Amino acid sequence: MKAGKTSLADLILFKAGETKKAGSTDDQTSTLDVDDDEKEQHHSITSHICHFEHNNARINLIDSPGMPDFMGYVIGALRAAETAIVTINAHVGIEVNTRRSFHHADTRGLARFIVIKKCDEANVDLP
Ligand SMILES: Nc1nc2c(ncn2[C@@H]2O[C@H](COP(=O)(O)OP(=O)(O)OP(=O)(O)O)[C@@H](O)[C@H]2O)c(=O)[nH]1
Ligand SMILES: [Mg+2]
């Protein structure tokens with residue numbers, strides 16, 4: 001939760017040349033968190049899909065909410081995905097939804113990779 005999933009997606013879209021500036025959930029400029037409630041509360045409430053080009057391939061990216069209440073959107077997104085990116089907040093470590101999402105992706109036989117965010121925060125103790 002709040003590990004930085006939407007920020008990562010916004011940055012990928014910028015690096016891929018899809019947007020002129022990396023959007024931010026902090027200042028309501030995210031390309032993904034576009035619903036009024038998401039902007040107001042600064043967290044994703046539903047899944048949003050975007051796409052970018054890489055090596056002549058079109059990559060579809062689904063950003064899903066991290067709050068446990070919205071886990072259904074994660075499960076739905078995994079049904080449409082080939083690969084799952086599980087984002088971990090280095091400051092707080094592995095959370096309940098981290099395990100659940102990883103498990104659901106495994107159950108569906110998806111390739112998974114882990115992105116560790118917020119390594120720059122104070123008191124982060126990486127092994
Ligand atoms: N210090 C630091 N802050 C980050 C990093 N990535 C994201 N953030 C901040 O973390 C907060 C939450 O980022 P989001 O991208 O909205 O997090 P999320 O995982 O999409 O959150 P939910 O949709 O609520 O699950 C924002 O204030 C971001 O600016 C990072 O690598 N380092
Ligand atoms: Mg989000």
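Every number for a ligand or one of its atoms is a count from 1 in the order of the listing. What you see is a predicted model, and the numbers here were worked out from it, not measured in a lab.
- When non-hydrogen atoms are compared, ligand 1 lies under 4.0 Å from neither the backbone nor the side chain of T87.
- Of all atoms in ligand 1, numbered sequentially from 1 with element shown, those under 4.0 Å from a heavy atom of S44 are 22 (P), 23 (O), 24 (O).
- Enclosure of atom CZ in R99 is not indicated, since only 12 or fewer non-hydrogen atoms of other residues, nucleotides or ligands lie within 6.0 angstrom.
- Among protein heavy atoms, atom 6 (N) of ligand 1 sits closest to K117 NZ, 3.0 Å.
- Considering all non-hydrogen atoms of both residues, H51 and R58 come closest at CD2-NH2, 3.3 Å.
- Among protein heavy atoms, atom 8 (N) of ligand 1 sits closest to K118 CE, 3.6 Å.
- By the 4.0 Å N-to-carboxylate-O rule, R112 lies close enough to D106 to be salt-bridged with it.
- Every atom of ligand 1 with a heavy atom of D26 under 4.0 Å away is listed here by number and element: 26 (C), 27 (O), 28 (C), 29 (O).
- By the 4.5 Å heavy-atom criterion applied to side chains, I62 and N60 are not counted as neighbours.
- Below 4.0 Å from some heavy atom of A3 lie the following atoms of ligand 1, by number and element: 19 (O).
- Other residues, nucleotides and ligands contribute more than 12 heavy atoms inside 6.0 Å of the CG atom of D69.
- Among the atoms of H43, none of the N or O lies under 3.5 angstrom from an N or O of ligand 1.
- For ligand 1, the atoms sitting less than 4.0 Å from at least one non-hydrogen atom of T25 are 13 (O), 14 (P), 16 (O), 26 (C), numbered in the order shown with element in parentheses.
- At least one donor-acceptor pair closer than 3.5 Å links the side chain of D10 to the backbone N or O of T31.
- If you number the atoms of ligand 1 from 1 as listed, the ones under 4.0 Å from a heavy atom of S7 come out as 7 (C), 13 (O), 14 (P), 15 (O), 28 (C).
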Side chain to side chain contact (heavy atoms under 4.5 Å, CB included) between T46 and F70, intermediate numbers included = CA-CA 7 Å; T46 184; F70 307 127; over 6 Å; no
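- Among the atoms of M67, none of the N or O lies under 3.5 angstrom from an N or O of ligand 1.
- Annotation: D33 places no N or O atom under 3.5 Å from an N or O atom of ligand 1; distance criterion only.
- Residue contacts with ligand 1: C119 is placed with no nitrogen or oxygen under 3.5 Å of a nitrogen or oxygen of the ligand (distance criterion only).
- Taking every non-hydrogen atom of K5 and a distance limit under 4.0 Å, the qualifying atoms of ligand 1 come out as 15 (O), 17 (O), 18 (P), 19 (O), 20 (O), 21 (O), 22 (P), 25 (O).
- Here the shortest heavy-atom pairing between P68 and R100 reads CB-NH1, 4.0 Å.
- Between the Mg ion (ligand 2) and S44 there is an N/O/S contact shorter than 2.8 Å.
- Between the side chains of T6 and S44, at least one donor N or O lies within less than 3.5 Å of an accepting N or O.
- The single protein non-hydrogen atom nearest to atom 32 (N) of ligand 1 is D120 OD1, 2.8 Å, given as residue, atom name and distance.
- The protein heavy atom nearest to atom 17 (O) of ligand 1 is G4 N, 3.2 Å.
- The environment of H104 atom NE2 is dense: over 12 non-hydrogen atoms of other residues, nucleotides or ligands sit within 6.0 angstrom.
- The only member of H43, H48, Q28 that meets side-chain hydrogen bond (donor to acceptor under 3.5 Å, both in side chains) when paired with E38 is H48.
- When distances to the Mg ion (ligand 2) are checked against a cut-off of 2.8 Å, T6 contributes an N, O or S atom below that limit.
- Interface atoms of ligand 1 facing E121, defined by a heavy-atom separation under 4.0 Å, are 1 (N).
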